[in-house]
Amino acid sequence: MKILALSEAHILAIHGLAIIAASKERATVAKISESTNSSANHLFKVFDILVKAKILYSVKGPAGGYFLKKPANEIYLIEIYEAISGKIDLDNLCHDKNAKGIGLGDLQDLCEKLSLKFVNFLQSTKLSDIKDRADII
Amino acid sequence: MTKILALSEANAIAFHGMALIAKSELAISATDIADITNSSRHHTSKVMQRLVKAGLIGSTRGPSGGFFLKKDASEIKIIDILEALEGKVEINDCPVDNAICPFGSCLMGGICYEIGTTLITYMREHTLQDMVNNISNEDVLLKK
């Protein structure tokens, strides 16, 4: 079971962008999907979302590919995460539909604390902070 | 709006339902739990049946019927409730369970593993009794 609500799309977006940021040559979807062992179709769909979110732009043709729309040190992971799955609801980080306020005490506090820790990580980490580990093309 | 932890509504119903059963003085039905937790009756019934199947709770029929704990709340770990719904929980290094990472080390720097381990360790070390000790609104509980 996964504990964090991180989908394959989130991971493809973060990995794909880090590879593009780190790559010294043109990183195509074919190369990225091959090196990350992921589906090219899924990667295309994810990159389309990132283009719409103005994180990437695409160039067609033989010298085409996907490129960062701004420098890697201006792209925070939160922007990538929210481009894929929408805005994070900071006021309601844990599932608690409970209308009558039966909080689960320490368990609920821990869930909120851990959620906030992950949000803080996404808010404080830039693509440039992780790109060195993604220099694989 | 996006949630961060992958705990589902079913998980939340199970945690709340178990806490309500443990704390209430009278047998509590799926309808009571659904009303108190503001969840669908159908969904709540399905979740409670999974907990029955896992041997955590039993049920009695009739006008005063409902669910009861099959063992003491101090003997039920919180992880037992989660695993009744999700199967055996194991935390892998990779947040999406990829067997092979293409990078030398995780791009996320291990934070996913750290968060998963912290939550699961808590659930393994704490019981339903710990959870009910902290219910914040006792007014909703069924009393004799």
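On a predicted model such as this, the values are computed, not experimentally measured, just so you know. Within every chain, numbering begins at 1; the chains are lettered A, B, ... in the order of the sequence lines, protein sequences first and strands thereafter.
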- Message: Quick check on the hydrophobic clustering: are A/Leu116 and B/Leu7 connected, directly or via other members, by side-chain heavy-atom contacts under 4.5 Å?
- Response: yes
- Are A/Phe67 and A/Ile80 connected, step by step, through hydrophobic side chains (Ile, Leu, Val, Met, Phe, Trp, Tyr) whose heavy atoms are closer than 4.5 Å? no
- Taking the side chain as every heavy atom from C-beta outward, state whether B/Leu128 and B/Met131 have any pair of such atoms under 4.5 Å apart. yes
- Which answer fits B/Ile13, side chain, backbone, both or neither, if we ask what part of it has an atom under 4.5 Å from a heavy atom of chain A? neither
- Going by residue number, which parts of residues 41-51 of chain A are within reach of chain B, meaning a heavy-atom gap below 4.5 Å?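 Listed by number: none.
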- Query: How is the hydrophobic cluster of B/Phe68 composed, in terms of its other members, when Ile, Leu, Val, Met, Phe, Trp and Tyr link through side-chain heavy atoms under 4.5 Å apart, directly or indirectly?
  - Reply: none
- Item | chain A interface, residue from B/Met108, B/His126, B/Lys88 that has the most non-hydrogen pairs under 4.5 Å |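 Result: the option with the highest number of such pairs is B/Met108.
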- Given the options B/Ile111, B/Asn11, B/Ile120, B/Val89, which has more heavy-atom pairs under 4.5 Å with chain A than any of the others?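 Of the options given, most contacts go to B/Ile111.
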- Once the angle between the rings of A/His10 and A/Tyr81 is folded into 0 to 90°, is it parallel (under 30°), tilted (30 to 60°) or perpendicular (over 60°)?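 Geometry flag for A/Tyr81 against A/His10: parallel rings.
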- Tell me, for A/Leu110 versus chain B, whether the close heavy atoms (under 4.5 Å) come from the side chain, the backbone, both or neither. side chain
- B/Arg41: what forms a salt bridge (Lys or Arg N to Asp or Glu O under 4.0 Å) with it, not counting sequence neighbours?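 For B/Arg41, the residues satisfying salt bridge (Lys or Arg N to Asp or Glu O under 4.0 Å) (neighbours in sequence not counted) are B/Asp35.
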- Message: Working to the nearest 0.5 angstrom, can you tell me the gap between B/Met18 CE and B/Leu51 CG?
- Response: 6.0 Å
- Note on the structure: Rounding to 0.5 Å, atoms CG (A/Leu4) and SG (B/Cys112) come to a distance of 5.0 Å
- Would you kindly say whether B/His42 and B/Ser45 are connected by a side-chain donor-acceptor distance under 3.5 Å?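 Judged by distance alone, the side chains do not pair up.
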- Query: Does anything in residues 79-87 of chain B get under 4.5 Å of chain A by heavy atoms, and if so which residues?
  - Reply: B/Leu82, B/Glu86
- Return yes when atom CZ of A/Phe121 has more than 12 non-hydrogen atoms of other residues, nucleotides or ligands closer than 6.0 Å, and no otherwise. yes
- Taking everything shown except B/Lys77 itself, do over 12 heavy atoms lie less than 6.0 Å from its NZ?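 Yes.
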- Of all of A/Asp132, A/Ile130, A/Asp106, A/Val119, which one pairs up most often with chain B through heavy atoms under 4.5 Å apart? A/Asp106
- Item | A/Glu79 and its salt bridge (charged side-chain N to carboxylate O under 4.0 Å, His left out) partner, picked from A/Lys69, A/Lys87, A/Lys70 |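 Exactly one pass, corresponding to A/Lys70.
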